[in-house]
Amino acid sequence: VFEYHSWAYECEECQVDNTSSVCVDCFDNGNHEGHNYRLVQLIGGSCDCGDVSWKPVGNCKYHSGPQEGVNPADALPRDIFYKTTYFFNKVLNDIHIHQVAITPLIYVIQWMCENEGMKRICQDA
């Protein structure tokens, strides 16, 4: 998770959209030779290396990215999967319907989404 004023790289050839970025360590351990990239200072977010928002060609040697036909959420115990899915759907529904500003929950969601299986649940919710 990027702290306020963290440094990260954006790479036009690797990012899926203009909000995608990777931490300095992941960038340094990837191959971006000949790419159009820039070092930026962020106010928050998380490293997208190995995520669906970063093209596999730009992944570092430590994050291979999503594997075809493999859902990391399948590695979670079923009760955790169902409880987490219910939680995310409930929170997102409350925010959408009731226009609730739930700032503390944003930190919980960021923390939970650091795990690959939880990331997939966040994306599917």
> Between Asn59 and Cys49, is there a donor-acceptor pair closer than 3.5 Å when you use the side chain of the first and the backbone of the second?
Replying inline: no

> Aromatic rings Tyr37 and Tyr9: how do their planes relate, parallel, tilted or perpendicular, breaks at 30° and 60°?
Replying inline: perpendicular

> Does Asn31 use its side chain to pair, donor to acceptor, with the backbone of Glu33 at less than 3.5 Å?
Replying inline: yes

> Are side-chain heavy atoms of Leu42 and Ser21 found at a separation under 4.5 Å?
Replying inline: yes

> If only atom types and distance count, is the side chain of Asn29 paired as donor or acceptor with the main-chain N or O of Cys60 below 3.5 Å?
Replying inline: no

> Nearest 0.5 Å, what's the CG-SG distance between Asp48 and Cys23?
Replying inline: 10.0 Å

>> Measuring only between side-chain heavy atoms, which start at C-beta, is Arg38 closer than 4.5 Å to Glu12?
In response: yes

> Passes side chain to side chain contact (heavy atoms under 4.5 Å, CB included), Val22 versus Trp54? Steps please.
Replying inline: CA-CA 8 Å; Val22 293; Trp54 196 255; 3.5 Å; yes

> Looking at residues at least two apart in the chain, or sitting in another chain, which of them share a side-chain hydrogen bond (donor to acceptor under 3.5 Å, both in side chains) with Gln15?
Replying inline: none

> Can you list the steps and then say if Gln41 with Ser6 is a side chain to side chain contact (heavy atoms under 4.5 Å, CB included)?
Replying inline: CA-CA 5 Å; Gln41 199 168 27; Ser6 293; over 6 Å; no

>> Using the rule given for side chain to side chain contact (heavy atoms under 4.5 Å, CB included), can you reason through Glu10 versus Ser20, listing the C-alpha separation, both sets of side-chain angles and the distance that settles it, and then say yes or no?
In response: CA-CA 7 Å; Glu10 294 177 345; Ser20 303; over 6 Å; no

> Within a strict 4.5 Å, meaning less than it, do heavy atoms of the Trp7 and Leu39 side chains meet?
Replying inline: yes

